[in-house]
A.B. asks: 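Have a look at this one before I ask anything.
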Amino acid sequence: MPSAQTAAMENLIATLFLARELAHREHLRTRSYAQHMALGAFYEGIVERADAIAEAYQGRFGLMGEVPMLVNTVSGTIADVLQSHVDWISTNRYQAADPAETAIQNLIDEAVSLYQATIYKLRFLG
């Protein structure tokens, strides 16, 4: 049975994977070129950031178990969904990695930064 910390990290990675899936689907649906480009950059970039977080975590704490498959439960626009993920990460990040784990926290910050830049582009440039 994984520790509470490992379970929290698995859920963090699962959230990033869900964001990738949702962004990719919306990327294919949108008629806005700006949104198409913003979502394309997001879904490509968030996978790299998820991978970096998972690898750093596993290098520090050992292998994670199964990363769960999440289902979106947030209604609204893709920007609303991404904002809900930012809120969730803000609430749960320190359960996944202690604040003293600065290398891992920095990688989480990079993922949040990508979310925030994408939300900006979707809301104000799309």
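The first residue in the sequence is number 1, and the count goes up from there.
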A.B. asks: Not counting sequence neighbours, which residues clear side chain to side chain contact (heavy atoms under 4.5 Å, CB included) with Asp87? List them please.
C.D. replies: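 Result, side chain to side chain contact (heavy atoms under 4.5 Å, CB included) vs Asp87: Gln83.
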A.B. asks: For Asp80, which residues count as a side chain to side chain donor-acceptor pair (under 3.5 Å) partner, sequence neighbours excluded?
C.D. replies: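 If we apply the side chain to side chain donor-acceptor pair (under 3.5 Å) test to Asp80, skipping adjacent residues, the hits are Thr77, Arg123.
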A.B. asks: Show every ring pair (Phe, Tyr, Trp, His ring centres under 6.0 Å) that has at least one partner inside residues 46-80, sequence neighbours left out.
C.D. replies: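 As it turns out, the ring pair (Phe, Tyr, Trp, His ring centres under 6.0 Å) pairs with a partner in residues 46-80, which skip direct neighbours, are Tyr57-Phe61.
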A.B. asks: Taking atom CD of Gln105 and atom CG of Asp98, what is their separation to the nearest 0.5 Å?
C.D. replies: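 Those atoms lie 8.0 Å apart.
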A.B. asks: Which residues pass the side chain to side chain contact (heavy atoms under 4.5 Å, CB included) test with Ser90, not counting sequence neighbours?
C.D. replies: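 Ser90 satisfies side chain to side chain contact (heavy atoms under 4.5 Å, CB included) with no residue once adjacent residues are dropped.
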A.B. asks: Would you name the heavy atoms of Val112 and Val86 that are closest together and state the gap between them?
C.D. replies: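 Between these two residues, the closest heavy atoms are CG1-CG1, 4.3 Å.
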A.B. asks: To check you understand the geometry: which heavy-atom pair defines the closest contact between Ala38 and Lys121, and what is its length?
C.D. replies: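 So the minimum-distance heavy-atom pair works out to CB-CB, 3.8 Å.
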A.B. asks: Taking the hydrophobic residues Ile, Leu, Val, Met, Phe, Trp and Tyr, and joining any pair whose side-chain heavy atoms are under 4.5 Å apart, which ones share a cluster with Leu125?
C.D. replies: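 Under the 4.5 Å side-chain rule, Leu125 groups with Tyr120, Phe124.
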A.B. asks: Which pair of non-hydrogen atoms, one from Leu39 and one from Ala23, has the smallest distance, and what is that distance?
C.D. replies: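 The pair with the smallest heavy-atom distance is CB-O, 3.8 Å.
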A.B. asks: Do the side chains of Asp109 and Arg93 get close enough for a salt bridge, i.e. N-O under 4.0 angstrom?
C.D. replies: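 Yes, Asp109 and Arg93 are salt-bridged.
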A.B. asks: Might you point out which heavy atoms bring Asn11 and Pro68 nearest each other, and give the distance in Å?
C.D. replies: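 So the two residues come closest at OD1-CG, 3.3 Å.
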A.B. asks: List the atom of Ile13, the atom of Ala50, and the distance in Å for their closest heavy-atom pair.
C.D. replies: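 Closest approach of Ile13 to Ala50, heavy atoms only: CD1-O, 3.5 Å.
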A.B. asks: Could you work out, with ring pair (Phe, Tyr, Trp, His ring centres under 6.0 Å) as the rule, every residue matching Tyr94, not counting sequence neighbours?
C.D. replies: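 Tyr94 satisfies ring pair (Phe, Tyr, Trp, His ring centres under 6.0 Å) with no residue once adjacent residues are dropped.
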A.B. asks: In the hydrophobic cluster built from side-chain contacts under 4.5 Å, what are the other members alongside Leu63?
C.D. replies: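 Hydrophobic cluster check, Leu63: no partners found.
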A.B. asks: Tyr43: what forms a ring pair (Phe, Tyr, Trp, His ring centres under 6.0 Å) with it, not counting sequence neighbours?
C.D. replies: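 Only His24, His27 meet the ring pair (Phe, Tyr, Trp, His ring centres under 6.0 Å) criterion with Tyr43.
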A.B. asks: Tell me, with the steps shown, if Asn92 and Leu12 meet side chain to side chain contact (heavy atoms under 4.5 Å, CB included).
C.D. replies: CA-CA 8 Å; Asn92 293 282; Leu12 188 139; over 6 Å; no
A.B. asks: Run the ring pair (Phe, Tyr, Trp, His ring centres under 6.0 Å) test against Tyr115 and tell me which residues pass, sequence neighbours left out.
C.D. replies: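 Expected list: Phe42, His85.
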A.B. asks: Measure the spacing between OG1 of Thr6 and CD of Gln95 and express it to the nearest 0.5 Å.
C.D. replies: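 It comes to 13.0 Å.
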A.B. asks: Tell me every residue that passes side chain to side chain contact (heavy atoms under 4.5 Å, CB included) with Val74, counting only those two or more places apart in sequence or in another chain.
C.D. replies: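 With neighbours one apart ignored, the set is Asn72, Val81, Ser84.
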A.B. asks: Test of understanding: with salt bridge (Lys or Arg N to Asp or Glu O under 4.0 Å), list the residues that count as partners of Glu21, not counting sequence neighbours.
C.D. replies: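 Glu21: salt bridge (Lys or Arg N to Asp or Glu O under 4.0 Å) contacts with Arg25.
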A.B. asks: Nearest 0.5 angstrom please: Thr118 OG1 to Leu114 CG, how far?
C.D. replies: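 Answer rounded to 0.5 Å: 4.5 Å.
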A.B. asks: To the closest 0.5 Å, what do you measure between CD1 (Ile46) and CG (Leu16)?
C.D. replies: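 Spacing of CD1 (Ile46) from CG (Leu16) equals 4.5 Å.
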A.B. asks: Check Ala97 against Ile104 and note the closest heavy-atom contact, atom names and distance.
C.D. replies: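 Between these two residues, the closest heavy atoms are CB-CG2, 3.7 Å.
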A.B. asks: Is it possible for you to say whether Ile89 and Leu70 belong to one hydrophobic cluster, with membership spreading through side-chain heavy-atom contacts below 4.5 Å?
C.D. replies: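 Yes, it is one cluster - the side chains of Ile89 and Leu70 are joined through contacts under 4.5 Å.
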A.B. asks: What's the separation between atom CD in Gln35 and atom CD in Glu26, rounded to the nearest 0.5 Å?
C.D. replies: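 Taking CD in Gln35 and CD in Glu26, the distance rounds to 7.0 Å.
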A.B. asks: With sequence neighbours excluded, tell me which residues meet side chain to side chain contact (heavy atoms under 4.5 Å, CB included) with Glu55.
C.D. replies: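 Applying side chain to side chain contact (heavy atoms under 4.5 Å, CB included) to Glu55 gives Asp51.
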A.B. asks: Once you round to the nearest 0.5 Å, how far does CD of Glu10 lie from CD of Glu66?
C.D. replies: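 So the gap between those two atoms works out to 8.0 Å.
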A.B. asks: Could you walk me through whether Leu122 and Leu82 pass the side chain to side chain contact (heavy atoms under 4.5 Å, CB included) check?
C.D. replies: CA-CA 10 Å; Leu122 293 172; Leu82 296 180; 4.0 Å; yes
